[in-house]
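Encoded as structure tokens, the structure appears first; notes follow it.
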There are 2 protein chains.
Amino acid sequence: MKYYIKKLKCLSDETRIRILKVIIQSKTELCVCEIVDSLQIPFYTISKHIKELKNAEILSETKEGKFVLYSFVDKKDDFLNKIIDLIKSIPDEFFSNDIKLLEKRLSIRNNGKCVVGMNENQNL
Amino acid sequence: MKYYIKKLKCLSDETRIRILKVIIQSKTELCVCEIVDSLQIPFYTISKHIKELKNAEILSETKEGKFVLYSFVDKKDDFLNKIIDLIKSIPDEFFSNDIKLLEKRLSIRNNGKCVVGMNENQNL
DNA sequence: ATTATATTTGCTTATATGTGCAAATGAGCG
DNA sequence: CGCTCATTTGCACATATAAGCAAATATAAT
């Protein structure tokens, strides 16, 4: 039961929903700095929310050199898939700025990989 | 956006999930006292959680004499339907006691309507 | 090695949330 | 009307959660 409640608790915060939405949008895994630049929220805040999402077994991490990448865990989990579906059904228009910045950030990737850190306050 | 977040916040509490689960299980509307007896949680706690669920436009209320009945709002809401679906996918075994007590409580209905108040501490 | 960059973590503070109890409301009934 | 029962609400308290900042890791680059 705690397994389910923990996941559901993760859905109760707007920042976490935004994180999940950009990961869905990216269709791959995202680097922390890419999420920071997309949402324009301090890196430590993003990091803490990601920690909870990882702890709830919603996201899983991959290390790639300096960078840490996050994506959804094992797609065979029916409950998690329903959660993803639920988030997908929130209209993109509520995330239009995040998505716009995400696209700009993704366009600086090299061979599909993140190559620069955070730009945070510099206009992308 | 707040519309969505408010609903999602409602999913973050185990008591609220249990309330929603028994309403789903009943396939109709439930009286507050029936929920109290099913979950064996104080009426004021149940009442406050229901208030939030109502506020998030997840549940709607019908008054019937002394009793107040709750059920899900308008079934045409896609997001709400996905939420219901999500809750349905949490295995019944986690709610087996609630469901057992619900069935006992529903069996004292008369013409499908609630006719008695709370039994709370008396073994059903 | 030393430095720079990416990310996490500990500590603090402010706010939100859940629960308990007592009192209030509201609707039927003698 | 006055009483009873179902439900809601206000207040107090304890706990949980989010955010900010500084310091700690970790890895890469020079």
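Sequence lines set the chain letters: A, B, ... in the order given, protein chains first and strands last, and positions in each chain run from 1. Note: hydrogens, waters and symmetry copies are ignored here, and every other heavy atom, side chains too, is used.
- Side-chain contact check for N97(B) versus L39(B): every heavy-atom pair is 4.5 Å or farther apart.
- Using a 4.0 Å cut-off between charged side-chain N and carboxylate O, E52(A) and K9(A) make no salt bridge.
- Along DNA chain C, the nucleotide closest to K66(A) and the one closest to K54(A) are compared, and the more 5′ of them pairs with K66(A).
- Scanning residues 5-17 of chain B for heavy-atom distances under 4.0 Å to DNA chain C yields K9(B), D13(B), T15(B), R16(B).
- Counting non-hydrogen atoms under 4.0 angstrom, E34(A) reaches nothing in the nucleic acid.
- Inspection of the E29(A) and Y70(A) side chains reveals no N or O donor paired with an N or O acceptor under 3.5 Å.
- The CZ-P distance, from F43(A) to dA24(D), rounds to 15 Å in whole Å.
- Between dA6(D) and Y70(B), no contact under 4.0 Å exists linking OP1 or OP2 to a side-chain N or O.
- Residue Y44(B) places at least one side-chain N or O under 4.0 Å from the OP1 or OP2 atom of dC21(C).
- Within 6.0 Å of atom NZ in K76(B), 12 or fewer heavy atoms from other residues, nucleotides or ligands are found, so the atom counts as exposed in its surroundings.
- S47(A) comes within contact range of at least one nucleobase, with a heavy-atom separation under 4.0 Å.
- Judged by distance alone, the side chains of Y3(A) and K7(A) do bring a donor and an acceptor atom under 3.5 Å apart.
- K48(A) has no side-chain polar atom (N or O) that falls below the 4.0 Å cut-off from OP1 or OP2 of dA19(D).
- No more than 12 heavy atoms of other residues, nucleotides or ligands lie within 6.0 Å of NZ in K2(A), so this atom counts as exposed by the packing criterion.
- Following rounding to the nearest Å, K63(B) (NZ) and dT7(D) (P) show an atom-to-atom distance of 10 Å.
- In this structure, V32(A) and E52(B) both approach DNA chain C, and ranking their closest nucleotides by distance from the 5' end singles out V32(A).
- Put simply, CE on M118(B) is 8 Å from C1' on dC5(D), counting in whole angstrom units.
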